[in-house]
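Here's a structure for you.
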Amino acid sequence: MKRHRFAPNLLTCNTLLNALVHSSSSSSITLASHLFHDALSLGVKPNTNTFNILIYGHCSGNNFHHARTLIHKMSHFSCSPDNITYNTLLDAMCKKGHLSQVRELLQEMKGTGLSPNRNTYNILVHGYCRLKWLKEAAQVIDLMTKDGMLPDIWTYNTMLRGFCDEGKIEDALRLRDEMEISPDRFTYNTMINAYCKTGRLGEAYRMMDEMTRKGFKPDVFTLNIVLHTLCMEKKPEVAYDLTVKAGKRGYILDEVTYGTLIMGYFKCEQGDRALKLWDEMREKGIAPSVVTYNTLIRGLCLSGKTDQSVDKLNELLEKGNPIDVVTYNTLISSLCKEGRLEEAFNLMTEMEGKKLEPDQYTYNAIVNALTHAGRTDEVEKFTSKLLETGQDVKTHGTSQEHDVSGDNTNSEQISGLCTRGKYKEAMKLFLESEQKGVSLNKYAYIKLMDGFLKRRKSISKVAQPN
DNA sequence: CTAGGGTTAG
């Protein structure tokens with residue numbers, strides 16, 4: 001900017017900063033800060049938005065100290081914080097679980113004469129739901145109501161998700177029936193996800209049928225939820241097939257779609273298929289998130305290619321890609337399982353150097369490996385660190401596989417009706433079977449799912465796997 | 001041009 005003697009106006013500046021802080025690169029906030037100072041020296045007068053954008057950037061990097069410093073600097077530029085400023089910080093702190101700081105910040109906010117708005121309350125509801133403090137979340141809703149603000153669809157969906165995450169689907173359903181606002185696609189996807197996760201696929205489909213009838217077509221989120229269920233049940237081929245069909249129907253497959261399939265194939269020891277999909281995703285210019293990188297890294301580890309995974313990590317670091325605790329934990333556990341403890345310790349030192357705090361997964365892996373190696377004196381040290389994380393030792397639950405056998409007569413009829421495009425009749429038979437408690441086989445579910453996708457108007461043929 | 005909800009990894 002300086003070099004070209006180009007003086008940006010405020011709008012240009014804010015737009016640019018906003019794009020930067022929302023990009024996935026970890027160094028973007030540093031770049032944004034430089035840009036901000038350049039703009040200042042070129043005479044740009046920042047407004048509250050400018051600061052809100054920068055504060056968002058600092059919060060994304062969990063740098064609350066910088067965020068708060070900026071709030072205090074605002075007055076030097078004749079700007080004052082607004083609801084957005086505080087809500088941004090509150091949300092970030094809620095996500096970190098720093099509830100005492102949240103209360104403190106709320107006081108500070110009130111001290112400046114600002115009152116919580118609906119978004120503020122929704123952020124707090126979300127914060128409590130994440131901690132599984134459902135009672136407190138409900139109390140916030142009472143509070144907002146007393147404050148003259150009725151809960152909106154965001155509030156309800158957040159609370160609904162809170163119930164679902166605790167397995168309280170019946171409470172979620174009751175809330176959905178009680179709420180006086182129409183459910184939206186978020187409501188439906190939340191419920192569908194809850195049903196899929198608890199193995200109630202039939203109910204998930206009923207919900208999909210309902211959402212379709214209410215005018216909400218299943219979207220890529222709905223698709224990804226179903227794909228995930230199929231992959232967990234070790235049916236990646238079926239999931240893939242569904243993905244191809246969705247692509248042909250105009251669904252824009254995303255990074256999550258690919259990541260889910262990649263996980264599915266690795267799970268079934270088909271690493272070659274997984275890697276092919278990875279390449280396909282890259283060729284399409286779809287940028288993987290840190291989660292999807294972690295899926296790949298874990299997949300490689302599971303295929304016995306731990307060294308290749310470590311190379312992948314170094315490649316990510318070189319290119320400045322985001323890395324997180326999970327990335328390191330994945331590699332550390334793999335090394336531990338192979339008895340390569342010293343390498344695991346080296347990685348732990350490396351992660352600490354990057355300000356990534358080892359957590360219960362890290363210590364758990366280390367403790368197990370030390371125990372196995374009979375290094376009892378060191379076990380104690382890491383066991384206490386494990387306890388310090390305040391978490392119970394994670395035990396990996398067994399995955400409950402859905403019954404694939406089922407009633408073949410009804411299943412075949414449903415599949416046949418779907419093939420002939422008679423989805424209404426298929427759904428009717430499906431609901432009848434459900435009512436009678438007749439379990440159906442997987443393929444009936446898949447054929448029906450394809451039906452839901454088909455009823456969606458084809459937009460364009462994009463992003464479909466070959 | 002600024003804040004909040006649904007999908008994916010250990």
Side-chain angles (χ1 to χ4, degrees), chain A residues 9-19 21-22 46-57 59 81-92 94-95 117-127 129-130 152-162 164 183-194 196-197 216 218-229 231-232 254-264 266-267 288-299 301-302 324-334 359-362 364-365 394 396:
Chain A
N9 64 23
L10 181 59
L11 179 73
T12 318
C13 186
N14 285 352
T15 308
L16 200 55
L17 289 175
N18 191 43
V21 300
H22 281 94
N47 62 6
T48 299
N49 295 358
T50 319
F51 285 99
N52 287 347
I53 293 164
L54 290 170
I55 286 167
Y56 178 92
C59 285
D82 59 8
N83 271 310
I84 296 182
T85 320
Y86 281 103
N87 286 350
T88 304
L89 253 163
L90 284 169
D91 184 52
C94 279
K95 283 176 177 153
N117 64 11
R118 191 176 266 141
N119 285 3
T120 317
Y121 286 114
N122 286 342
I123 287 164
L124 296 176
V125 171
H126 191 209
C129 282
R130 284 175 64 95
D152 62 5
I153 191 68
W154 292 70
T155 325
Y156 283 116
N157 287 342
T158 304
M159 200 65 218
L160 214 72
R161 164 94 195 270
C164 288
D184 62 6
R185 61 184 204 283
F186 289 85
T187 320
Y188 284 111
N189 282 336
T190 301
M191 297 301 304
I192 289 166
N193 187 40
C196 282
K197 293 287 181 298
F216 298 103
D219 58 15
V220 69
F221 281 78
T222 326
L223 175 70
N224 289 343
I225 291 165
V226 174
L227 293 178
H228 184 249
T229 306
C231 285
M232 290 306 278
D254 62 11
E255 177 257 332
V256 178
T257 314
Y258 278 96
T260 305
L261 291 175
I262 288 167
M263 178 205 71
F266 272 126
K267 222 178 169 52
S289 66
V290 64
V291 175
T292 301
Y293 272 115
N294 289 343
T295 305
L296 176 71
I297 285 174
R298 169 151 166 84
C301 286
L302 287 175
D324 65 8
V325 183
V326 180
T327 322
Y328 277 101
N329 285 348
T330 306
L331 290 167
I332 288 170
S333 352
S334 191
D359 62 10
Q360 70 266 33
Y361 291 93
T362 327
N364 199 29
K394 281 275 177 249
H396 298 290

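Order of the sequence lines fixes the chain letters, A, B, ..., with proteins taken first and strands second; residue numbering starts at 1 for each chain.
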For this session: Go through the structure and list residues passing side chain to side chain donor-acceptor pair (under 3.5 Å) with A:N117, not counting sequence neighbours.
Result: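 With sequence neighbours excluded, A:N117 shows a side chain to side chain donor-acceptor pair (under 3.5 Å) to A:N87, A:T120, given in chain and number order.
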Exercise. Can you find a side chain N or O atom of A:H22 that sits less than 4.0 Å from OP1 or OP2 on B:dA3?
Worked result: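 For B:dA3, OP1/OP2 do have a side-chain N/O of A:H22 under 4.0 Å.
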Exercise. Within this structure, what is the CZ-to-P distance between A:R298 and B:dT8, rounded to whole angstrom?
Worked result: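 These atoms are roughly 16 Å apart.
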For this session: Answer with base, sugar-phosphate or nothing: what part of the nucleic acid does A:V125 contact at a heavy-atom distance below 4.0 Å?
Result: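 If one applies the 4.0 Å heavy-atom cut-off, A:V125 turns out to touch nothing in the nucleic acid.
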Exercise. Got a sec, which residues hit side chain to side chain donor-acceptor pair (under 3.5 Å) with A:T190, two or more places apart in sequence or on another chain?
Worked result: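 Here no residue qualifies.
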For this session: Under 4.0 Å between any heavy atoms, over every strand shown, what does A:I123 touch: base, sugar-phosphate, or nothing? Just pick one.
Result: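 Sugar-phosphate, backbone atoms only, no base.
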Exercise. To the nearest Å, how far apart are A:Q360 CD and B:dG10 C1'?
Worked result: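 Roughly 10 Å, once rounded to whole Å.
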Exercise. With a non-hydrogen cut-off below 4.0 angstrom, is A:I153 in contact with a base, only sugar-phosphate, or nothing?
Worked result: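 Contact class for A:I153: base.
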Exercise. For the base of B:dA3, is there a side-chain donor-acceptor partner from A:N117 under 3.5 Å away?
Worked result: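 Indeed, a donor on one side and an acceptor on the other fall under 3.5 Å apart.
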For this session: Determine: side-chain N/O of A:K267 to OP1/OP2 of B:dA9, distance under 4.0 Å, yes or no.
Result: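 So the side chain of A:K267 is outside the cut-off, no N or O lying under 4.0 Å from OP1 or OP2 of B:dA9.
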For this session: For A:S333, answer base if it contacts any base atom (sugar-phosphate contacts may also be present), sugar-phosphate if it contacts only those atoms, and nothing otherwise; contact means non-hydrogen atoms under 4.0 Å.
Result: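 A:S333: no heavy atom of the nucleic acid under 4.0 Å.
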Problem set entry | Which atom of A:T260 lies closest to which atom of A:N224, heavy atoms considered |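 Minimum heavy-atom separation between A:T260 and A:N224: CG2-O, 4.4 Å.
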Exercise. What about A:N18: does its side chain form a donor-acceptor pair under 3.5 Å with the base of B:dC1?
Worked result: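 Counting by modelled atom types and ignoring angles, no donor-acceptor contact under 3.5 Å is found here.
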Exercise. Looking at A:L11, A:L17, A:T15, which one forms a side chain to side chain contact (heavy atoms under 4.5 Å, CB included) with A:C13?
Worked result: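 Single side chain to side chain contact (heavy atoms under 4.5 Å, CB included) partner of A:C13 among A:L11, A:L17, A:T15: A:L17.
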